[in-house]
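Numbers for residues simply follow the sequence, beginning at 1.
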Amino acid sequence: TCTVTVTETLAPFLSLPLGWCQGDGPLALDSLAYPPGGTWTGDGVFNTAGGAVFDASVLTPGTVALTYTVDGPCGGVATAGLSVYPSPEPPTLTPFNGLLYAGNVAEGDSLAWLIDFESTGDHVYFPYTDSVFYFPSWGDTYTVQVINEYGCTAQSNPVFVDNTIGLNNI
């Protein structure tokens, strides 16, 4: 005669991204762990009424350990590292002799222009231009986005172009 005892275990596991940028906003954690109902802990973790969130903006760049604990006889603990990447500083956008100038762009960061033609609310993304100068057309709204080596982004405030920015000296 043989006796077999089966005990169900729900060892938790995590599905975290490899990294999170400081400027990306909160990362909702509850959907990134199984089984549901556990508790999150770690630097940058906030347990709210709506669930646990990770906020990289309160941390310095580096790697942080996040732990998920499921209580009970079938529970367990899972810990994973999450890299916190620095976000670039937002660029500035300034009219200059009929051109737009993107300032405050760090060396090595990529630059893309976002153009809202006729200020309709629909942006067209021009990722191919790394120039800090752009010859705009009147009646459009322009925004500049910078992307650093980690893929983190920041955007300028939008600038509406009208005939007050001057003429380009040709």
Task: Residues in side-chain contact (heavy atoms from CB on, under 4.5 Å) contact with S156, at least two apart in sequence or another chain - done: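 Testing S156 for side-chain contact (heavy atoms from CB on, under 4.5 Å), a comparison that skips the adjacent residues, returns P91, L93, T143, V144.
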Task: Residues in side-chain contact (heavy atoms from CB on, under 4.5 Å) contact with S31, at least two apart in sequence or another chain - done: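 Scan of S31 (side-chain contact (heavy atoms from CB on, under 4.5 Å), adjacent residues dropped) gives none.
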From [X] atom [atom1] to [Y] atom [atom2], the distance as rounded to the nearest 0.5 Å:
X: W113; Y: Y134; atom1: CH2; atom2: OH; value: 8.0 Å
X: N104; Y: Y101; atom1: CG; atom2: OH; value: 9.0 Å
X: L66; Y: D43; atom1: CG; atom2: CG; value: 8.5 Å
X: S110; Y: N148; atom1: OG; atom2: CG; value: 9.0 Å
X: L27; Y: L82; atom1: CG; atom2: CG; value: 7.0 Å

In the structure I gave you, are the side-chain heavy atoms of [X] and [Y] within less than 4.5 Å of one another anywhere?
X: D116; Y: P158; value: no
X: F133; Y: F96; value: yes
X: D109; Y: E149; value: no
X: F160; Y: P136; value: no
X: P35; Y: V70; value: yes
X: P86; Y: C152; value: no
X: D140; Y: V161; value: no
X: P17; Y: L32; value: yes

Task: Contacts of F46 that satisfy ring-ring contact (aromatic ring centres under 6.0 Å, His included) - sequence neighbours left out - done: none
Task: Pairs where residues 11-23 contributes a residue and the test side-chain hydrogen bond (donor to acceptor under 3.5 Å, both in side chains) is met, not counting sequence neighbours - done: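 Passing the test, one end in residues 11-23: no pairs.
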Task: Within residues 61-82 or reaching into it, pairs that qualify as side-chain hydrogen bond (donor to acceptor under 3.5 Å, both in side chains) - sequence neighbours excluded - done: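 For residues 61-82, and leaving out neighbouring residues, the side-chain hydrogen bond (donor to acceptor under 3.5 Å, both in side chains) pairs sorted by first residue read T67-T79.
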Task: Shared hydrophobic cluster, V45 / L18 (ILVMFWY, side-chain heavy atoms < 4.5 Å) - done: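 No, because V45 and L18 fall into different hydrophobic clusters, even though each may have its own neighbours under 4.5 Å.
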- [ ] Sort and list the pairs that fulfil disulfide bond (SG atoms under 2.5 Å apart) and have at least one residue in residues 81-118, not counting sequence neighbours.
- [x] none
Task: Closest non-hydrogen atom pair between V105 and L111, with its separation - done: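 So the two residues come closest at CG2-CD1, 3.8 Å.
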- [ ] Linking directly or through intermediates, with side-chain heavy atoms under 4.5 Å: list the remaining ILVMFWY members grouped with Y85, chain and number order.
- [x] Y150
Side-chain donor-acceptor pairs of residues 47-61 under 3.5 Å, sequence neighbours excluded:
unit_1, atom_1, unit_2, atom_2, d
N47, ND2, W40, O, 3.2
T48, OG1, G50, N, 3.3
T48, OG1, G51, N, 3.3
T48, OG1, G51, O, 2.5
D55, OD1, S57, N, 3.1
D55, OD1, S57, OG, 2.7
D55, OD2, S57, OG, 3.3

